[in-house]
Amino acid sequence: MELSAASHPQAHFARSTTRLPYVANRPGITRVIENNQEQHRYQLFVQGELAGFVQYSMRKNELWVHYVQLKRRYKSEETIDHLLLHIVDEVRRKRLALMPFCPAMRIFLAERPDLIRLVPPLWHVRFLSGFTASLRPMDRVRYTGPAKRRTTAEKRAQAREAEALRLASTVLEAGYLPEISMA
């Protein structure tokens, strides 16, 4: 049985395949961004696996960006910038207004003054003010997946701290307070 492009379940997605510069030395890694219009999200696939997405909605000629979600193992500033830049390019290409309700997108736009014109002027104060230079888009992304594993040194330090707390509570419960001589 042969599948035609029209019968493929993802045939209605707008698709663009790009290579990121930071993986140029690792051949064979494919990154694809698809606009899943049914779920209202731009999805990033790495080697065919869903790595993350940007949730959005459309209102007339405005693209409302709600949030960015990424699997923790794909966490990198380049990945997030690439995904957000793809959305900005789509907004430009389709001549839409951009409504960045997503904090990561707001920081991304604040870092790039040439992109601010995509946001309607009436919304500049709400969306583009109040950001400090210390914030990065990756600081405001939702991450999924297991947290970073602790090193052996971190585990030992946590065990020592737990033991010290246990001993302190035992001493307090026993009412033992050593006498201190002031000689």
Side-chain angles (χ1 to χ4, degrees), residues 3-131 133 135-144:
L3 287 176
S4 68
S7 66
H8 189 274
Q10 296 179 346
H12 63 281
F13 297 151
R15 182 177 221 171
S16 68
T17 305
T18 50
R19 269 187 180 246
L20 298 178
Y22 73 94
V23 293
N25 59 352
R26 292 173 33 198
I29 294 180
T30 308
R31 287 177 167 67
V32 177
I33 296 175
E34 296 179 348
N35 181 3
N36 183 335
Q37 295 174 353
E38 288 178 355
Q39 294 182 337
H40 302 286
R41 54 172 140 168
Y42 286 93
Q43 298 173 319
L44 171 66
F45 291 90
V46 176
Q47 295 297 95
E49 179 187 1
L50 180 64
F53 60 89
V54 175
Q55 193 71 44
Y56 72 89
S57 60
M58 291 294 299
R59 305 281 195 279
K60 296 182 184 177
N61 66 341
E62 298 172 342
L63 179 79
W64 292 22
V65 178
H66 299 292
Y67 64 92
V68 179
Q69 185 167 319
L70 198 64
K71 288 186 179 174
R72 202 172 299 278
R73 71 172 169 253
Y74 298 108
K75 178 181 179 179
S76 77
E77 203 157 339
E78 294 89 348
T79 302
I80 295 163
D81 286 354
H82 178 73
L83 189 54
L84 296 177
L85 191 58
H86 178 82
I87 293 169
V88 167
D89 288 342
E90 287 277 308
V91 166
R92 279 185 188 151
R93 190 176 60 77
K94 294 179 180 180
R95 297 184 179 187
L96 300 172
L98 182 61
M99 304 296 281
F101 291 95
C102 167
M105 179 62 93
R106 289 184 197 176
I107 295 167
F108 183 78
L109 292 174
E111 291 175 346
R112 295 162 178 83
D114 59 312
L115 301 178
I116 291 174
R117 60 185 166 77
L118 298 173
V119 178
L122 291 173
W123 292 92
H124 283 193
V125 173
R126 174 171 180 185
F127 289 135
L128 303 173
S129 62
F131 289 105
L135 287 177
R136 299 172 304 168
M138 69 183 297
D139 296 334
R140 304 299 295 169
V141 171
R142 297 179 183 181
Y143 293 104
T144 61

Please examine the side chains of Asn61 and Lys94, heavy atoms only from C-beta on, and report whether any two atoms are closer than 4.5 Å.
no

Examine Phe127 together with Phe101 and report whether their ring centres are nearer than 6.0 Å.
yes

Cut-off 3.5 Å, side chains only: do Glu90 and Tyr56 have a donor facing an acceptor?
no

Under 6.0 Å from the six-membered ring centre of Tyr143 and within 45° of its axis: does the NZ or CZ of Lys71 meet both?
no

Taking the side chain as every heavy atom from C-beta outward, state whether Val119 and His124 have any atom pair closer than 4.5 Å.
yes

With rounding to the nearest 0.5 angstrom, report the CG to CD1 distance, Leu83 to Ile87.
5.0 Å

Phe45 versus Arg31: any side-chain heavy-atom pair under 4.5 Å?
no

Grab the two heavy atoms, one from Ala51 and one from Leu70, that are nearest each other, plus how far apart they are.
O-CD1, 3.5 Å

Does Trp123 reach the side chain of Met99, with side-chain heavy atoms less than 4.5 Å apart?
yes

Could you report the tightest heavy-atom contact between Ser57 and His66, atom names first, then the distance?
OG-NE2, 2.7 Å

With rounding to the nearest 0.5 Å, note down the distance linking CG in Asn35 to NE2 in His86.
7.0 Å

If we only count heavy atoms from C-beta on, is the Val141 to Gln69 side-chain gap below 4.5 Å?
no

Where is the tightest heavy-atom contact between Leu109 and Ile116, given as atom of each residue plus distance?
O-CG1, 3.8 Å

Can you tell me how far apart CG (Leu118) and CZ (Arg92) are? Round to the nearest 0.5 Å.
6.0 Å

Heavy-atom side-chain proximity of Leu50 to Leu44 below 4.5 angstrom
no

Distance from Thr144 atom OG1 to Arg73 atom CZ, nearest 0.5 Å?
8.5 Å

If you count every heavy atom of other residues, nucleotides or ligands that lies below 6.0 Å from Arg59 atom CZ, does the total exceed 12?
yes

Going from CD on Gln43 to CZ on Phe53, what distance comes out if it is rounded to the nearest 0.5 angstrom?
8.0 Å

Is there a side-chain contact between Gln39 and Asn36 in this structure, where contact means two heavy atoms from C-beta onward sitting under 4.5 Å apart?
yes

Is Arg112 close enough and on-axis enough to Phe108, meaning under 6.0 Å and within 45°, for cation-pi?
yes

Find out whether Glu49 and Tyr74 are in side-chain contact, i.e. whether some heavy atom of one side chain is under 4.5 Å from a heavy atom of the other.
yes

Here the gap from Met105 atom CE to Leu115 atom CG, rounded to the nearest 0.5 Å, amounts to 9.0 Å

Grab the two heavy atoms, one from Ala104 and one from Val68, that are nearest each other, plus how far apart they are.
CB-CG2, 4.3 Å

